[in-house]
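See below for the structure under consideration.
Please read all numbers here as calculations on a predicted model, not as lab measurements. Both backbone and side-chain heavy atoms feed into the values below; hydrogens, waters and symmetry mates do not.
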Amino acid sequence: MGSPTSYDPHAIEARRQAAWRERGAARTPAVQDDLPHLYIKPSAPFTSGNVHIGHVRSYSIGDAYARFRRARGDQVLFNFGFDAFGLPAELGAIDRGIPPSEWVARCATHMTGQLQRLGFSFDWERTFLSSDPVMYRWSQWLFLTLLEAGLVYRGTGTVDWCDTCQTTLATIQVEDGLCWRCHNPVRLIERPTWYLRISAYVPENDRRLQERADSGKWDEVALASQRFVLGRVDGVEVELSAQDGTKLTVFTPHAEALEQARFVLISPKHPEIDAWADEPQVRERLEELRSGGLERSSRDAAKIPLVDTRRTLPAPAGGASLPVLISPGVDGRFGATAVFGVPEADRTDEVLAERIGALVSEAREGVPPSISGEQPHAKPEPRQAVRYKAEDFSISRQRSWGTPIPIVYCEEHGAVPLPKEQLPVALPLDITPTGTGNPLAELRSFVETTCPLCGGPAERETDTLDCHFDALWLWVPACVPPESREDSLEQILALPDLRHWLPSERVVAGSDSGNFVFDQRIVTKALRDIGPLAFLEDGEPFAGCLFHEMVISEGRKMSKHLGNVVDPDALVERYGADTVRLAVLYAARPQKTLNWSDSAVLRAHRFLTQVWEFTQTRLAAAQQEQGAGESQAAGADGEPIRDTSEHLRLKLAQWTEKGVEKITEDMEGLEMHSAVRNVMRLFDRIKDFEKRVLARQPALGAADDEALFAALSLLAQLLGPFAPHMAEELWISLGKDESAVQTPWPGVSLQEIAA
RNA sequence: GCCCGGGUGGCGGAACGGUAGACGCAAUCGACUUAAAAUCGAUGGCCAUGACGGCAAUUGUGGGUUCGACUCCCACCCCGGGCACCA
């Protein structure tokens, strides 16, 4: 300890972080189109309280990539905004009995400190909270814009409701059918809600996905998640007419087994469902389904609800006509549509067929289904068809901590959107939610307003936007320079910055972000057609995408309950930020689940310690030689050392050249795990070189020293993206220029970086 | 139930059609130390030796393709994650 050659990460990291702040190392360069530039988009963290090891993984990957690109001379925008609205923040505030605004501010401060201690090179001047009015006015603007375009609409949805607490509950607030707070039974209610019509752009998202794949910048895991969200099912559809003339288009993925269709299932959300539920009994059961009475039952084919409409459709291939049943089981598999049940081709249908057999014969006793519909017409022609599971979703929540929806309800004019000039509708900040009631709706000063059309009394919408909706645009204001942040949205949309930075070159986020990315792709297409993002011709906000998997521990997801949580602060405290960052990169390739193991940290720490001490002791020795005025290294006998190891130096040069090549390739492909391993291997080679030279001669000659330090310099450069603090200190120790933004990548000159 | 990911030494994991177990952790022995920690070195199934070496098993299970399979194909078992108000 204390020796100049020993590795003291805390001192090094404090020094470097101060230097970075001083020179604004992570500041976004001003817009200059002629320079290569890119926007790397990390995920927007929830203001949940603490940075966890999953964040560390995510940002270590993104930061390594950002530093790599900067080191190669690219202009980089790398920053994020906190996703500050939402239930977790509200629950955190309830827990502490403070207003959510206070809680998220506290979280943001604390998490920013943690992230800075880890040395991530975000442009902090551009960081923001989505709960800031200057920011959430964007959500309100987006809401109104999409509403005008018919992409936001009002519908009904079902939610859990607690009669005792007089409030709606999220699924995570319902424990075994009881309210989390008062432990009384919960019931499902229907209430009006706002929907986002993503269905309008789902087919285009599908079409554009192949282009993403062809670009090579979309990782396989990311593509797979987009396909999963899309839920594309290929098959055929047939238009059938019932005896009374009611038509229904029925789909099946089993084109070849159309003749074996035995029944028709129709989703309760099917647009024409009412025509099929005309009998009072059927209607009643459909209502039960819709209000959720049956919906929370098992997804199991043996238990999923089935409602017999007591009607039939002719079979597509002739023969006995098919009973028509309503079942929510359709949605999860094919979306809100109607499908054939083909027991011989489909396992689920086989199970359903047995149940239907009993159901139908019971309900239709005396009316054998086989004679009711001999097909008099020509066979209907099946045609190719596609169905998507992705469907419109609810974007409003009965919560007091969220973006207020810019709608007022006027007795005369009904739901009236506010003019955009009146934005933002401010969220009152003096609310301290307790988990009961609806604080926003109870606040008369917020609710009471006037109708923008007639000036008469009106009430504000008291639902707020789901924070998923905020996330649809969080990547846009990230491109806005801080000084323009408060400008009008028209001004901001006219800035060259958006055109400059968008589309983002790469999203680096957890694989659970599939839905966000999908919906961001949808909204971009909508804004392209509406106008503001017309410059994104393909409607794609992200040119590339890397999804990393999560960090688990002891084979399980981390949870306080299991006691297997890994605390990044404790690791940083013990080993320093460089070690922790290196360890999470080293432990597994991004796309793989990282099963936490201390051995990776120990390995990373030992590696950094060795690199540091090896370099520093060699430097100290070389300086001592120079100080002694020796022009050449000397052996124990005082005889000058002859450089006899030319082939070893050559070999070292080859190794480093090969290593640089390989690591550069790894970094371009965001294979940080492989890059780190290759850096470690290179260090082994460097040590090996010295060892071999010393096996031949008593000490290193001048040319050997030169080769050694050249290799160590390269090593420092290659370490830059992973262990930036130590890399830069080594770089300085080796006599390089400290004024550079950071260690340049091998082969890149400082001029290129400073440009 | 459905969808996705995964099963390799005591442990984390390499290799992803060509010497399985790289690189580590833990362990044991040794060096340094008054001692401990840290660090460094050695060892890694069995047999044998001063040393070279020899022998056997082996990547969840069972099949298959192949000159050759952890790797590709089929079936199964087990584990983890997700499944529409966390988003």
Side-chain angles (χ1 to χ4, degrees), chain A residues 1 6-7 43-44 46 48 83 85-92 157-161 167-174 186 188-189 191 193 220-221 224-225 227-229 231 269 292 295-304 328-329 331-333 335-336 346-348 351-352 389-399 402 463-464 466-472 509-519 549-550 552-557 583 586-589 591-607 609-610 613 673-674 676-678 680-681 683-684:
Chain A
M1 277 296 146
S6 72
Y7 176 46
S43 58
F46 280 115
S48 56
D83 197 351
F85 279 134
L87 188 61
E90 190 166 327
L91 292 178
T158 54
V159 286
D160 285 301
W161 172 263
T167 194
T168 58
L169 298 172
T171 306
I172 55 164
Q173 294 175 295
V174 180
V186 160
L188 279 158
I189 58 164
R191 62 185 306 275
T193 171
E220 229 359 273
V221 175
S225 93
R227 286 189 202 102
F228 176 72
V229 176
K269 292 182 186 164
E295 203 165 351
R296 290 296 153 94
S297 46
S298 169
R299 292 173 236 266
D300 194 334
K303 291 177 195 145
I304 198 129
D331 300 63
R333 304 178 67 206
D346 189 292
R347 178 91 184 90
T348 304
V351 176
L352 291 175
K389 281 181 249 177
E391 54 184 46
D392 299 352
F393 55 87
S394 161
I395 51 169
S396 53
R397 297 287 182 269
Q398 197 183 32
R399 305 245 157 249
D463 273 11
T464 55
D466 180 1
C467 65
H468 184 76
F469 191 86
D470 297 324
L472 297 179
S511 59
D512 54 352
S513 311
N515 273 88
F516 284 104
V517 167
F518 189 84
D519 297 333
E549 267 301 336
M550 59 178 160
I552 63 169
S553 166
E554 290 158 23
R556 302 291 302 273
K557 206 172 169 176
Y586 164 81
R589 82 184 279 251
Q591 298 88 331
K592 246 187 118 177
T593 301
L594 194 169
N595 192 2
W596 184 260
S597 135
D598 288 331
S599 75
V601 185
L602 292 167
R603 164 74 173 135
H605 192 246
R606 186 193 287 211
F607 170 73
T609 304
Q610 286 184 357
E613 292 178 357
H673 151 267
S674 175
V676 171
R677 279 154 205 260
N678 282 316
M680 290 176 166
R681 204 159 294 159
F683 179 56
D684 287 342

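With rounding to whole Å, A:Tyr7 atom OH is found 18 Å from B:A38 atom P. Atom pair A:Asn515:CG and B:C85:C1' shows a separation of 14 Å (rounding to whole Å applied). The distance between atom CG of A:Leu602 and atom C1' of B:A38, rounded to the nearest whole Å, is 13 Å. When the C1' atom of B:C11 is taken as reference, atom CG of A:Asp598 falls 11 Å away, rounded to whole Å. Atom CG of A:Asn595 is separated from atom C1' of B:G7 by 12 Å (rounded to the nearest Å). A straight line from CD of A:Gln610 to P of B:G24 spans 8 Å, rounded to a whole angstrom. The distance from atom CD1 of A:Ile172 to atom C1' of B:C83 is 16 Å, rounded to the nearest whole Å. Between A:Ile395 atom CD1 and B:C86 atom P the separation is 17 Å, expressed in whole Å.
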Dot-bracket notation for RNA chain B, counting Watson-Crick and G-U pairs under 3.5 Å, with | for partners on another strand: (((((((..(((.....[....))).(((((.......))))).(((.....)))....(((((..]....))))))))))))....
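With values rounded to the nearest 0.5 angstrom, A:Lys557 atom NZ is found 11.0 Å from A:Thr593 atom OG1. Here A:Gln173 contributes atom CD and A:Asp160 contributes atom CG; the two are 9.5 Å apart, rounded to the nearest 0.5 Å. To the nearest 0.5 Å, the span separating OG on A:Ser394 from NE2 on A:His468 amounts to 11.0 Å. In this structure, the separation between CD1 on A:Ile395 and CG on A:Leu472 is 8.5 Å, given to the nearest 0.5 Å. Between the CZ atom of A:Arg603 and the CE atom of A:Met680 there is a distance of 4.5 Å, given to the nearest 0.5 Å.
Nucleotides B:G13 and B:G18 are separated by 22 Å at their P atoms, to the nearest Å. Annotation: B:C40 and B:U33 have their C1' atoms spaced 13 Å apart (nearest Å). Using P as the reference atom, B:G41 and B:C25 are 11 Å apart when rounded to the nearest Å. If you take atom P in B:G60 and the same atom in B:U8, they sit 6 Å apart, rounded to whole Å. B:G9 and B:U58 are spaced 10 Å apart, taking the C1' atom of each and rounding to whole Å. Rounded to whole Å, the P atom of B:C16 lies 34 Å from the corresponding atom of B:C2. With P as the reference atom, B:G7 and B:G12 are 11 Å apart, rounded to whole Å. Taking the P atoms as reference points, B:U39 lies 25 Å from B:G45, given to the whole Å.
Distances shown here put every side-chain N or O of A:Gln173 at or beyond 4.0 Å from the OP1 or OP2 atom of B:C86. Phosphate contact (OP1/OP2 of B:C86, side-chain N/O of A:Thr171, threshold under 4.0 Å): present. Checking the phosphate oxygens (OP1, OP2) of B:A38, no side-chain nitrogen or oxygen of A:Arg606 falls inside 4.0 Å. Contact annotation: A:Lys592 does not reach the phosphate of B:C16 (side-chain N/O to OP1 or OP2, under 4.0 Å).
Using a 4.0 Å heavy-atom cutoff across all strands shown, A:Leu91 reaches no nucleic acid atom at all. Nucleic acid contact class of A:Arg397 (heavy atoms, under 4.0 Å, all strands): base. Residue contacts shown for A:Glu391 include a base, since a base heavy atom lies under 4.0 Å away. Nucleic acid contact class of A:Glu613 (heavy atoms, under 4.0 Å, all strands): none.
Closest approach to the A:Phe46 side chain among B:A87, B:G24, B:A84 is made by B:A87 (side chain taken as heavy atoms from C-beta onward). The side chain of A:Pro88 sits closest to B:C86 out of B:C85, B:C23, B:C86. Of the candidates B:C25, B:C23, B:C86, the closest approach to any side-chain atom of A:Tyr586 belongs to B:C23. Counting only heavy atoms from C-beta on, A:Asp466 has its side chain closest to B:A87 among B:C40, B:C85, B:A87. When the nucleotides B:A87, B:C85, B:G12 are ranked by their closest atom to the side chain of A:Ser599, B:G12 comes out on top. Residue A:Lys269 places its side chain closer to B:A84 than to any other of B:A84, B:A87, B:G82. Of all nucleotides listed (B:A87, B:C23, B:A14), B:A87 comes nearest to the side chain of A:His468. Closest approach to the A:Asp331 side chain among B:A84, B:G13, B:C3 is made by B:A84 (side chain taken as heavy atoms from C-beta onward). Distances from the side chain of A:Ser394 to the nucleotides B:A87, B:G13, B:C85 place B:C85 closest. Distances from the side chain of A:His673 to the nucleotides B:C23, B:A14, B:A87 place B:A14 closest.
The residue among A:Met550 and A:Lys389 whose nearest nucleotide of RNA chain B is located toward the 5' end is A:Lys389. Nearest-nucleotide assignment on RNA chain B puts the 5′-proximal partner with A:Met680, out of A:Met680 and A:Leu87.
Base orientation for B:G9: syn, the chi torsion being within 90° of 0.
A heavy-atom distance below 4.5 Å is not found between the side chains of A:Val159 and A:Gln398. A:Phe516 is not listed as a side-chain neighbour of A:Ser43, based on a closest heavy-atom distance of 4.5 Å or more.
Nearest approach of A:Ala600 to A:Tyr586, heavy atoms of both residues: CB-CD2, 4.1 Å.
In this structure A:His605 satisfies the side chain to side chain donor-acceptor pair (under 3.5 Å) test with no other residue, sequence neighbours excluded. Considering only residues two or more places apart in sequence or on other chains, A:Phe683 meets the ring pair (Phe, Tyr, Trp, His ring centres under 6.0 Å) condition with A:Phe607, A:Phe614.
Between A:Arg397 and the options A:Asp470, A:Asp466, A:Asp463, a salt bridge (Lys or Arg N to Asp or Glu O under 4.0 Å) holds for only A:Asp466.
In terms of polar N and O atoms assigned as donor or acceptor, the side chain of A:Arg677 comes within less than 3.5 Å of the base of B:A22 in a complementary pairing.
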